[in-house]
Amino acid sequence: KTSWSHWNDAPSNSNLKVLYDSQLISKGKVVHIGEAHSKGLLHRGICVAVLRPAKADYNPSSTTTTTTETGGKQQEHNNSYETLLMRRSANLKTCPNAWGLCGEHSDPNESWEDTAQ
């Protein structure tokens, strides 16, 4: 299977693992994010996927389409989506110039919702 929609569908040899907050045990010490990265310490953060329906002409092989009205204009979409990616700065220590989702680290005791905002 080349794609999956839930963590449980990931292949067993995948490096992606589900970690729940209840499984994480804090050492009771807050360190600078640079130290967490340099020492490979597990830390909290989020990624936000921004999606929009792909226009039908982007993927002409799709035969299933829906029509939506946006601002008085009719647009035809297939059942696929475009994902917003950001390119990381060349000056960053981790993954310079890489493309990825929007993301941010969490402050200690910050909720996921507050981090995402």
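All values reported here derive from a predicted model rather than from experimental measurement.
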Requested in this report: Evaluate the side-chain contact (heavy atoms from CB on, under 4.5 Å) criterion for residues L51 and E82: first the C-alpha distance (whole Å), next the side-chain angles of each, then the deciding distance (0.1 Å), finally the verdict.
Outcome: CA-CA 6 Å; L51 305 173; E82 296 175 326; over 6 Å; no

**Report entry** Audit row: L101, V48, side-chain contact (heavy atoms from CB on, under 4.5 Å) steps and yes/no
**Finding:** CA-CA 6 Å; L101 298 173; V48 177; over 6 Å; no

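Considering CD1 of I33 and CG of D107, their distance stands at 9.5 Å, rounded to 0.5 Å. With rounding to the nearest 0.5 Å, the separation of CZ in R87 from SG in C95 is 12.5 Å.
Shortest non-hydrogen contact noted between T115 and S106 is OG1-OG, 3.1 Å. Scanning all heavy atoms of the two residues, the minimum distance from P96 to A90 falls at CB-O, 3.6 Å.
The 12-atom threshold is exceeded at CG of N97, counting heavy atoms of other residues, nucleotides or ligands nearer than 6.0 Å.
Counting heavy atoms from C-beta outward, R88 and W99 have side chains that stay 4.5 Å or more apart. Residues H37 and H105 form a side-chain contact, since some pair of their non-hydrogen atoms from C-beta on lies under 4.5 Å apart.
In this structure a side-chain-to-backbone donor-acceptor pair under 3.5 Å is present from Q23 to Y20. A donor-acceptor pair is defined here as one N or O able to donate and one able to accept, closer than 3.5 Å; such a pair exists between the side chain of R44 and the backbone of E110.
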